[in-house]
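None of the values given here were measured: they were computed from a predicted structure. Just so we're on the same page: letters track the sequence lines, and every chain starts at 1. Computation of the quantities below employed the complete heavy-atom set of this structure, encompassing side-chain atoms and omitting hydrogens, waters and symmetry-equivalent molecules.
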Amino acid sequence: MKWTQSFIRTFREPPADAETISQKLMHQTGMIDKLISGVYSFLPIGLKVLQKVSNIIREEMNNAGGLELLMPSLQPASLWEETGRYGKMGKDMITFQDRRDRCILLGPTHEEVITDIIRKYVKSWKQMPVLLYQIQTKYRDEIRPRFGIIRAREFLMKDAYSFDVDDKSSEISYFKMKDTYIKIFQRCGLKTDIKQADSGVIGGKFSEEFIAEGQCAELEVGHIFKLGMEYSTKMKAVFNDKEGKEKPIIMGCYGIGVSRIVSAIIEGNYDNKGIIWPISVSPYQVLILPLKSGEEKEMAEKIYENLKKPGWEVLLDDRDESAGIKFSDGDLLGIPIWLIFGKKLKEGKVEVKLRKNNKFYDVPIENIEQFIKDILKEL
RNA sequence: CGGGGCGUAGCGCAGCUGGCUUAGCGCGCAUGGUUUGGGACCAUGAGGUCCUCGGUUCAAAUCCGAGCGCCCCGACCA
């Protein structure tokens, strides 16, 4: 991607109302744009990171045997009355009347909907275990949205639900998810602690939450629950066991705040100049900086085309800006590997800079591809 | 919902105490030119419902009232 075509717009100063570092940096790099309190647009560069995180989650969920589905955001209040949660959630839920005066809500979570699906489709012990998940927007009218997308009223969440024939099997599902979560957070470059937690409105028997390290004390990037028979009993999600006896399905549910992860990654990976993306979620892997407009720019474009071929995501800063601005914006944006086309080009060399530790390497142009390959192994 | 703060150009702010020309500054943006290794410079220019409504007044960004919005602390929360 060429910078001049990328919609990237950086700001020298953070917005006055931003408090946390991730919020400031996401605004300064033009990743997000606030519409109203707790509600944000993801601009192209921000969406790119969000999609990287989503794809890591997807891969690991699929590896764990999960099946992706997509449930609606609009849900009938009547379904929530079955579990008694309509009252419990209270004003956190965004509700409205449709034209037939039916009470509809914007889904803050999906236990009721998934249980409804399961009770319609699963009738036999032979159909389990099942693990279903979705990546979808959730709506919660938080008492106090804060810290940008860390606690938003509209946010992207991965929610998964497991269905088993008995406690033993459900336990296996639970621990499989726990392992999967550890892998997901590792791949995203997040250090997390696991703590036993209060199950809150979700209910169930037991839950653990994954807390991301960082300055910002907030909720937590993942939460896994053993729900037991809580929902299946109330909603009559039952199956026939081997003896033909009717039994309630044993459930678990597993959430990850996808958009919140993006914030959490920044909270754990930045310096006074800007973001330092882990390679796995960086919007681009390589940033190319031609510092002058002549031969440097020509050569930079050539290398840019070459590097795109093997599938690397490359950002070429083709703006007619001074070196200082390109460096500063590069630091702010946090792309891990930089290729600087400047002084050293006369000697046939490109300078490689690593954002992480600010180390520079002089690399002959013909060796660039191999050099990046080697560096990528270490990052 | 309680407490605190804020609302003036795309962003960051000054002006308000003590009402008075055409409401400023920095950044950004546009055009032209000189620059180009860590946020360069010159010139010209565009851009404003001073959050909204009402009140006081000869006169309101400025004073008063109400409302709306935003941020922070607290309670609350996957």
I'd like a table of donor-acceptor pairs (distance under 3.5 Å, sequence neighbours excluded) in which one partner is a side-chain atom from residues 193-204 of chain A, with atom names and distances.
{"from": "A/Asp198", "atom 1": "OD1", "to": "A/Gly200", "atom 2": "N", "distance (Å)": "3.1"}

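Comparing B/G37, B/C71, B/C11 against the side chain of A/Ser37 picks out B/C71 as the nearest.
Ring planes of A/Trp338 and A/Phe327: parallel class, angle under 30° (limits at 30 and 60°).
Per the geometry, CD1 belonging to A/Ile325 stands 8 Å off P belonging to B/C29, to the nearest Å. Atom CG of A/Asp329 and atom C1' of B/C27 are 13 Å apart (whole Å). One can place NZ of A/Lys273 at 11 Å from P of B/G38, the figure rounded to the nearest angstrom. The interatomic distance linking A/Arg151 (CZ) with B/G74 (P) rounds to 10 Å, in whole Å. Between A/Arg146 atom CZ and B/C77 atom P the separation is 12 Å, expressed in whole Å. Atom CZ in A/Phe327 sits roughly 15 Å away from atom C1' in B/A40 (whole-Å rounding). The NE2-P distance, from A/His27 to B/C11, rounds to 10 Å in whole Å. Look at NZ on A/Lys24: it is 15 Å from P on B/C71, rounded to the nearest Å.
Between A/Ile288 and A/Ala300, the closest heavy-atom pair is CG2-CB, 3.8 Å. Across every non-hydrogen atom of A/Phe206 and A/Tyr174, the tightest pair is CE2-OH, 3.4 Å.
A/Pro14 comes within contact range of the sugar-phosphate backbone alone, with a heavy-atom separation under 4.0 Å but no base atom that close.
Residue A/Ser322 places none of its side-chain N or O atoms closer than 4.0 Å to OP1 or OP2 of B/U35. Applying the 4.0 Å criterion to OP1 and OP2 of B/G28, one finds that A/Arg9 has every side-chain N and O outside that range.
The partner of B/C70 is B/G5, by the rule that a Watson-Crick or G-U pair needs both atom distances under 3.5 Å.
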